[in-house]
Structures are given as C-alpha cells and as structure tokens.
2 protein chains.
Amino acid sequence: MRTVFYVSDGTAITAEVFGHAVLSQFPLPFEQVTIPFVETREKAHQVRQRIDDCFAHTGVRPLLFHTIVDPDVREEVLRANATAHDFLNTFVAPLESELGVKAEPRVHRTHGMENRKLYDDRIEAVNFALANDDGISTREYDEADIILIGVSRCGKTPTSLYLALQFGLRAANYPFIEQDMGMLELPAPLKANRHKLFGLTIDPKRLHEIRNQRRANSRYAALEQCQQELSRVERLFRQEAIHYLDTTSHSVEEICAKILEATGLRRQLY
Amino acid sequence: MRTVFYVSDGTAITAEVFGHAVLSQFPLPFEQVTIPFVETREKAHQVRQRIDDCFAHTGVRPLLFHTIVDPDVREEVLRANATAHDFLNTFVAPLESELGVKAEPRVHRTHGMENRKLYDDRIEAVNFALANDDGISTREYDEADIILIGVSRCGKTPTSLYLALQFGLRAANYPFIEQDMGMLELPAPLKANRHKLFGLTIDPKRLHEIRNQRRANSRYAALEQCQQELSRVERLFRQEAIHYLDTTSHSVEEICAKILEATGLRRQLY
C-alpha cells in the first residue's frame, strides 16, 4: 500500500482535507500519515528521514502533500525521496500575476487565530449550540441564526454543532417528543421565530434502527412509533410551510451545506 | 473587491477550505460566494450566468475555485468569464501517472456517506462527547479515546466536539471546580484511565475575561480565583506527569492537531 504524508508548518488540516479529496478519486487504499507543526529545520530534517525510512522499508516511493509556508522548512522536507505535491504554491504563483499582488506567506493564518473576534464568535456559537440543544432552553431564540426542529434522533444535534464549529452560526434545536404528538402545533417560542425554523426528517426504518441502538425494544424505538411521529411532524412542516430536509442518506457536512443553500445564511470562513 | 466563487457538485467544503488557505496568503479582502450541489447542466448554466453577471456588475474578473467531478457540469461552468482554478484535476493527472491507475471520479465521495460504518462511528463519537461533557458522567470512560481535564472554561468542550466531529475520536472531558481545590487529586474514574488523560490550561487573565463574560464580577470570574485554580491544577498535571497544553493563543483546530501529535492518537479522515 502506498504511504501518503501530509506535512505542514501549521495544523495540516488543509493538507489533509484537500489531499483526502484528491486521493478519494482513486480506487486505492492508502496508508495516511499526518505531520503538523513542522516549524524548524530540525523538525523538517526528521520528517525527511521518516519519509526516506518509509521508502526504504516499503520499497514504494511515498506521496508527499504539503502546505509548508516557510521556505527553509519546505526546502529541507523536499529533499525527501517522495513524489511531492505543493498544494499552496501551485495556485499561489498564477494568482500573484492575476491579482497583481505578491503573496505574503505567513504560517498559522488558515486555522490560527489571526482574527480573534471571528474566532471568539465561533466559540460563542458552539456554546450557544450546547446551551440551546434539544430544547433545553428557548429563551435565547432571539439570538439564534437558525432553529432546527424535528423528532428525537433525526440528526439535529450533530447538525447544530457542525454549523457552529465550521461556519460560526448560532444554531438552536428543538425536539418534538411523543407527548407533543396528540395536538401537534408550533410552541410559542417557535412561532415567534418562525422565519428561523428549519425542519429535519428521516426515513422511519433508519430512525427505528438508530433508536433501537439507544433503547432496544422500547416503545420509543418501535417502527410504528417512528412512523407515526415522522408523519405527524412532516404534516406540521407542510401545514406551516417550513422548509425541511430528509437526512437519511446525507452526511452532516451535506446536511449543513444544503441548509445554507436553502436559507441563504451567510457562513463565516476560518 | 475581487469576488471569489467556490463551486462544486458536492458540499463545496473542500473548495472552501482549500481556497481559503490559498487566498489567505494574500493581503487582500475578497468577497466570497459558495455554490454547492451544482449537479445538473441547468444549475451549471445558472452558475455561469451568476459569475458573468458579477463580472458585468463589478468590472473585475471573478476568481473561480472549483472541485467539480462531473465533466458536463464542469464544461458548462468553465464557460463563465472568470479565472478558473481546478483544485482536483490539477493534482489528479500527475497522480494518475505516478500511481499507474486511472482516477474514477465520483461525486460526494469526500464529504458524503461512501463509508456508512465510518460515518456512524463519527456521529457516535459526537454523541459520546456530549454524554461525557463537563464530567456529566464518568461511567463510559472505558470507551473514551481521550479524557480532557482542566478548570472551567479553559477550552475543554469545543476541543472535545472538534475531536469528535473532525476526527471521529471519543473525547470525554472533566472539569476541576472550586470545591476540588482544597485537596486536589485525581478522582477515581480519572485514576483508572490515567493513560487517556490530557490537560488543558490557559492564561489567568484570559480565563478571567472569559468567565467575566459569563458571570460578571462573580467570585468565579475573579482574577485571583482564576490564578489559584490554574496554579493548583497545573501543579497536579506536573505531579501526575500528565501531558498538558496552554490553549491561550491557539484555535480549536490547533489545539486538536497538537493533542493528536502529542498522544499519537490515530485520526479518522472523512
């Protein structure tokens, strides 16, 4: 199996995300090694040796994907016997001529704290998502960017947290539980924030599986119960003209991207 | 201001993360527009028009960063009058010859649910982080990959959530509170999982600021209280030889990358 090294003088998260996207186009397994914070020539030398040892050990030339900003560190790492792909500079040089501006490379700009205010807002968004998870509190809905609603275990919590961590959005979520089902209507705090509501739904069989893992053979997990709750809540979404999304075959990243697309909410990039 | 379009037939998260990393090397502001899920030729045509309208309106040629897998969609989008950068194919062609394998492009591989088991594990990691946040429960520590410890508001919760969402790791966290400070020692559930412990600490002034936002002028937020708690907890870390990290000037991404580096925990890539 080919070994892939992701190397950076920062967190290496950009190198990982992007390298993973490129490699996922190939029907091959890879052994993946991430080496972040290569900030000195000494560390760079160790990385070079580690890559060369890998080549000696496996007999297959490793791939090296890097986002190294410091030129000295880069030069040393690139002495390794690997097929190197420079994610940043490949695009930086053509952009310099297009923009008519020289790049000013700085380490830690991407996932660092260059902008303290934006960062603090994002952490506050995470705190908001936790404080307003699962209907715990409805008092701060005035400050919410979005309020996710749906039955228990349809994907509201991971979606709220991802919206907060990745995009800095204040996402609350509110569950409809069994006791609500008799005369299902929007509770007052939701009515007052109707323009922020976004519904999530899920396939009843999938919901049954998820709930069964949590409380096996309970009434809560029974397929019939899941079907009833979902059909009532979806009827409410339609009656109230609330935009909603079926989460069954979507990852949390896909759900969030679809919500942003549907609502036009502005994401904050870090 | 130059407008940048991130366009994809998937979530566009890869295009955003990578484009943001490339652009952050330039000392310029950009107007950033993300357009995900461009899956049909009709949608591609709309995107092309939107980009051309932007050019007509601003008089500045937009930048287009794309990760479009479908060739028909790509062809149509690329008719737009923009400076286009193809994040995937720039690296895919050289890799094909290096690997001796043709790429098999498929939409939604990167942030989709190609691997259901891995995805479910990651969502379970998020549920685990929530159920084991802030010392709520210590019963599942056997199943934890890592247990973060430290004083209240030093960064444990966002770090746990990011480890779960981004890397699929089961991260619990446990706070040392004022009542613990008299005779500070490791509680039994932490002692039993000593090899999983990782300490977080923070600058006292920064902690004072953060706590003051939460409970202004409280004893909890007083600078002296913050100093005392931190010095006692740091002494405990040293006595017990627990690896720890100062979070003051690090983003949650940097903290997580440093923890993975220090512990050697294996990350799961999605």
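Below, chain A is the first sequence line, B the second, and so on; all start at residue 1. Just the heavy atoms: all of them, side chains too, but no hydrogens, waters or symmetry mates, feed the values below.
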Counting only heavy atoms closer than 4.5 Å, note whether [X] contacts chain A via side chain, backbone, both or neither.
X	answer
B:Asn89	neither
B:Phe87	both
B:Leu28	side chain

Check this for me, if you would: do A:Arg266 and B:Glu31 make a salt bridge, where the nitrogen-to-carboxylate-oxygen distance has to be below 4.0 angstrom?
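Here A:Arg266 pairs with B:Glu31 in a salt bridge, since their nearest N and O are under 4.0 Å apart.
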Check A:Glu261 with B:Lys43, please: is the shortest side-chain N to carboxylate O separation under 4.0 Å?
yes
Side-chain touch B:Phe26/A:Glu104, heavy atoms, less than 4.5 angstrom:
no
Taking the side chain as everything from C-beta on, heavy atoms only, tell me whether B:Phe167 gets closer than 4.5 Å to A:Glu16.
yes
Indicate the atoms forming the closest heavy-atom contact of B:Val252 with A:Tyr119, along with that distance.
N-OH, 2.7 Å
Test of understanding: with side chain to side chain donor-acceptor pair (under 3.5 Å), list the residues that count as partners of B:Asn132, not counting sequence neighbours.
B:Glu140
Side-chain donor-acceptor pair present, A:Thr83, B:Glu98, cut-off under 3.5 Å
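Yes.
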Based on non-hydrogen pairs under 4.5 Å, which of B:Thr67, B:Leu95, B:Leu63 is most in contact with chain A?
B:Leu95
Contact leader toward chain A among B:Leu99, B:Leu88, B:Val92, B:Thr90, where contacts are heavy-atom pairs under 4.5 Å
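The residue among B:Leu99, B:Leu88, B:Val92, B:Thr90 with the greatest pair count is B:Leu99.
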Chain B contact via A:Asp86 - which portion, at a heavy-atom distance below 4.5 Å:
backbone
Contacting region of A:Ile123 [heavy-atom separation from chain B under 4.5 Å]:
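Interface part for A:Ile123: side chain.
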Supply the atom-to-atom distance B:Thr34 OG1 to A:Leu260 CG, rounded to the nearest 0.5 angstrom.
8.5 Å
